[in-house]
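Notes follow the structure.
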Protein chains: 2
Amino acid sequence: MSKRPTSRDVARVAGVSQSTVSIVLAGKAEGRVKPETRQAVHEAARRLGYRPNLAARNLRLGRTRTVLLVVPTLTGPVFGPIYAGAAEVAADRGFGLIVHPWPDDAGPARSQVDTQAIEGVLASSIVGGVTDFGDLPVVLMDSDPAAPAPTINFDVAGGMRAIAGHLAALGHRRIGHVAAAVDAWTFRVRGEALADAFPGSLVRRTAAIDVAAARQAALALLDRPGRPSALVCDDDVIAAGAYKAARALGLDIPGDLSVTGFDDVLLATALEPELTTIRLPAEHLGAAAMTALLELLGGRRPPGVSLPGELIVRRSTAPPASP
Amino acid sequence: MSKRPTSRDVARVAGVSQSTVSIVLAGKAEGRVKPETRQAVHEAARRLGYRPNLAARNLRLGRTRTVLLVVPTLTGPVFGPIYAGAAEVAADRGFGLIVHPWPDDAGPARSQVDTQAIEGVLASSIVGGVTDFGDLPVVLMDSDPAAPAPTINFDVAGGMRAIAGHLAALGHRRIGHVAAAVDAWTFRVRGEALADAFPGSLVRRTAAIDVAAARQAALALLDRPGRPSALVCDDDVIAAGAYKAARALGLDIPGDLSVTGFDDVLLATALEPELTTIRLPAEHLGAAAMTALLELLGGRRPPGVSLPGELIVRRSTAPPASP
DNA sequence: CTGAAAGCGCTTACAG
DNA sequence: CTGAAAGCGCTTACAG
C-alpha cells in the first residue's frame, strides 16, 4: 500500500534526472541518451514497477488517447463483436476505448460522458439521427453514407438482394415484408432493396423490433386471401414473431411459408426450424470503424467502407407449396 | 474551436481570484465567500461555458471518481439492465462508470484497463473465479457470498425452489436437470436447490450454454425409458436446446414434456410455446451493487444482499400426461 | 471574506 | 549526452 512510484523515484534509483527518465520511457532516447543510461532507466522502472500517471500526462499533453464507443443498448447482440473488433485495433495503437451505452429512450443530454476526456467517437446511428458530439471527430457505423462523417457500413442492400435472389430462385413470387418500424438508414435500405427485387409484388407491414409486435404485423400479412408464400423480416427478432404468427394460423414453415431473418443472432438457431438469414461481419465492422477513426484523428480523411454479409441458408426456406 | 476556458478565465470575467472560483464552484463557499461574489462567479462560469479540466483535478486530488463495471460479455442479455441500474446510482453520486467487457476467453492479463484510473470495481464473477483487481475495492455480483468481497446476488436458490414447487404442484415427480457446464456459484446453487427439492429422483446432464450442446444433453435425458416428465434448464438458452430435443423426439411441450428456463430473456417469449422461467431483477441488482461499492469506497462495510426473482408461468409447463 | 502560492506528475523546449 | 526549469489546470492550506 506504499505510494505509487513516480518518474522522480525512477530517476533517483537510476541515478539520472527526472527528465531523462521521461525521455527514455517515451522511447525518444534515440541518439539523445547513451545506451547504458537507457538500460539503467528501464531497469529501475521495472524494479519499481513504475507506470506513468495518466492524469499528469493528460494534463500536460492536453489529450487522452481515449475514444468513445456509443452503442444504443448493451444487449443488442451485434455490439459485443463490434466492441471486440474496435477494442483490439484501439489497443494496438495505444488508445483506450470507453463504451457508452446510450439509453434508447434518452437523448444525448443525459449523457454522463465528459467530452473533454475523449478524442473521438464511434457511433452506431441506429439510435436515431443524433450525431451531435460537439466538434469531436466521429465515425458512424451502419449509417447513411450521406452523413458528413465517414461511415463504415454493412452492405445491407447486398444482403437483402441475396435474400431476394434466394427466394426468387426457390420460386417465390408473392413476398411479404415485415419491416422494422425504426427510422434508421439500415432499415430504409433493406426496404428499398427488397422492393427493387420484387417490383409491384411486395406487401409490407411495419412492426417494432419485438416478438409480439412482429407477430401482429405478420398476422396481418398472412391472414387473408392470396397470402404471401414468403415473409422477409428485417431482423431475426422480427422473424421470431413471424414464426408465431405462422403457428397461430397453422401454417408450416417452410412447407406453407418461407421465412427469412437478418443478423444471424442466437435466436436464428434457437428457432425451429432454424432460420435462413444474413450473417453480418460485426467484429470486422468494429475494427474497420476504429481504424477509420484513428485515421481521422491523424488528420486524414478515411474513405467510407461497406462490408458484405453472408447468406446463411437454413431450413426456414423452401419452394412454395402451390406455385 | 477556441481554447477551452479555464478557472482563470472565469476569475478574470468575474473579477475575482482563481482560487475563489475554485472554492465557489466546488460548493465550498458557504460562509467563506459572500453571496454576491458567488453569484458573479457562477454567472461568469455559465457565460463562458466553463467546465473544470478533469485531468488537472484528478492529478491534484489523486483520485478519479470513476468505477469499473466488468462484464463477461457485452451480449449477455442481463448486462444491459445491470449497467443501467449501476450507472444511474453512480451518476447521482458524481461517479463515472466505465464498462469493461471481459472476454470470456482472456485472462485479466489482457485487460486494457489502467487500474490507476479507477477507484473500484463491480464484477460479475460468472467469468470464473478471477477476482483479482490489485488492491482495488471490489463488489461482486451473482457470486459466492463466501468470497472476501461483498456480494450482491440474485436469490437463485429461491428461484429454483419456486420452479421446483411449481412443477411438484403440477404433479411432476421425474425431473431432468439440464445444467450449465460452467463453474460458477450461480449454477452450483441452482443445482443444489433443485436436488434438495427432488431428493433421489433427479437425473442430470450438463451442457455448455449453447443451443446445440443443450439439445444434445436434453436428448440424452429424454431418449430412454422412464424419461423425465419435466426438464428444468439452468437458463433460457439451454431451454431452447431442450425444445429442439423434444421436437426431434416428437414430444409435445407441454403435453408430453414440461420445460422451464431461468433468466427470462428475449428468447423466453420467442419460443413456442412461451417459456416458464424466473425473471431476475437485473437493474435492481446493478443499482444495489453500485450502492454497495460506493459504501465500500466511503470506508464502510456494506452488507451482502440477495434479491428475489419472480416465477413467470407461461405455457411450457402443464401436468404430466400419465402420472 | 479573498488572494497568492505551492504542488500533484508529467513532457518538452532550452542550456550547457 | 544530460539536467534544470516551466507549465498544463486544478485544490487547498495559509496569510492577510
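The structure displayed is predicted, hence computed values, not measured ones. All chains are named by letter (A, B, ...) in the order of the sequence lines, taking the proteins before the strands, and each is independently numbered beginning at 1. FYI, side chains are in, hydrogens and waters are out, and symmetry mates aren't considered; it's all heavy atoms of this structure.
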Sorted by chain and residue number, the side-chain contact (heavy atoms from CB on, under 4.5 Å) partners of Ile209(A) (sequence neighbours excluded) come out as Ala180(A), Val182(A), Phe187(A), Asp235(A), Val237(A), Ile238(A)

In terms of heavy-atom contacts, Ala149(B) and Arg301(B) come closest through C-NH2, 4.2 Å

Of the residues in residues 17-25 of chain A, which ones touch DNA chain D at a heavy-atom distance under 4.0 Å?
Ser17(A), Ser19(A), Thr20(A)

Looking for any heavy atom pair under 4.0 Å, which part of the strands does Arg32(A) touch: base, sugar-phosphate only, or nothing?
base

Here the distance between atom C1' of dG3(C) and atom CZ of Arg8(B), to the nearest Å, is 12 Å

Would you compute the distance between atom CD of Glu283(A) and atom CG of Leu307(A) and round it to the nearest 0.5 angstrom?
12.0 Å

Whole-Å distance between dG9(D) P and Leu61(B) CG?
17 Å

Nearest whole Å is fine: how far is dA6(D) P from Leu59(A) CG?
17 Å

Which residues pass the side-chain contact (heavy atoms from CB on, under 4.5 Å) test with Pro302(B), not counting sequence neighbours?
Pro150(B), Ala292(B), Glu295(B), Leu296(B)

Hey, is the side chain of Arg57(B) poking within less than 4.0 Å of OP1 or OP2 on dT11(D), counting only N and O atoms?
yes

What stems show up for DNA chain C when you take Watson-Crick pairs (N1-N3 plus N6-O4 or O6-N4) and G-U wobbles (N1-O2, O6-N3), both under 3.5 Å, and require three or more consecutive pairs?
C:1-3 with D:14-16, C:5-12 with D:5-12, C:14-16 with D:1-3

Could you check Ala56(B) against Lys28(B) and say which one's nearest nucleotide on DNA chain D is further toward the 5' end?
Ala56(B)

Identified side-chain contact (heavy atoms from CB on, under 4.5 Å) partner of Phe95(A) from the options Thr66(A), Leu294(A), Thr64(A):
Leu294(A)

dG9(C) C1' sits how many Å from Arg12(A) CZ, rounded?
13 Å

Check the distance between dG9(D)'s C1' and Asn53(B)'s CG and give it to me in whole angstrom.
6 Å

Using whole Å, what does the distance between atom P of nucleotide dC1(C) and atom CZ of Arg38(B) come to?
8 Å

Not counting sequence neighbours, list each pair that qualifies as a side chain to side chain donor-acceptor pair (under 3.5 Å) and has a residue in residues 32-44 of chain B.
Glu43(B)-Arg46(B)

Please check: side-chain N/O of Glu119(B) versus main-chain N/O of Val67(B), any donor-acceptor pairing under 3.5 Å?
no

How close or far is atom C1' of dC10(D) from atom CZ of Arg63(B), stated in whole angstroms?
15 Å

How many whole angstroms separate atom CG of Asn58(B) from atom P of dG9(C)?
13 Å

Flag the pair Pro52(B) / Tyr50(B) as yes when at least one side-chain heavy-atom distance between them is below 4.5 Å, and no otherwise.
yes

Between side-chain atoms of residues 12-26 of chain A and protein atoms elsewhere (two or more places apart, or another chain), which donor-acceptor pairs fall under 3.5 Å?
| residue | atom | partner | partner atom | Å |
| --- | --- | --- | --- | --- |
| Arg12(A) | NH2 | Asp9(A) | OD1 | 2.7 |
| Ser17(A) | OG | Ser19(A) | N | 3.4 |
| Ser17(A) | OG | Ser19(A) | OG | 3.1 |
| Ser17(A) | OG | Thr20(A) | N | 3.2 |
| Ser17(A) | OG | Thr20(A) | OG1 | 3.1 |
| Gln18(A) | NE2 | Ser7(A) | OG | 3.0 |

